[in-house]
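Worth knowing before you read on, the calculation uses all heavy atoms, side chains too, and leaves out hydrogens, waters and symmetry mates.
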Amino acid sequence: MQAHREAARRYGATWQKPKRRTTTVVRRDGREPLGLGNVIGMMMTERGMAAPAAGGSVLADLDTILTAVVP
């Protein structure tokens, strides 16, 4: 391998470090990875669904559920 490098230098070949890409292009054509939350949010938007309101969980209504279940 060393002999090939020396022969290349004799014939005028030079080695340059490749330049790094400094900008990134964000494409939304479905080929880039997305987080699960982003995917679910996009799916809900596409289908016209609304996100649940704050306090719409079972834990928020626990007192009401307990009073109905326990006499």
Let me check something: any side-chain donor-acceptor pairs from residues 33-45 under 3.5 Å, sequence neighbours excluded? List them with distances.
residue, atom, partner, partner atom, Å
T45, OG1, G41, O, 2.9

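Shown here are the side chain to side chain contact (heavy atoms under 4.5 Å, CB included) partners of E46, two or more places apart in sequence or in another chain: there are none.
With values rounded to the nearest 0.5 angstrom, M1 atom CE is found 8.5 Å from H4 atom NE2.
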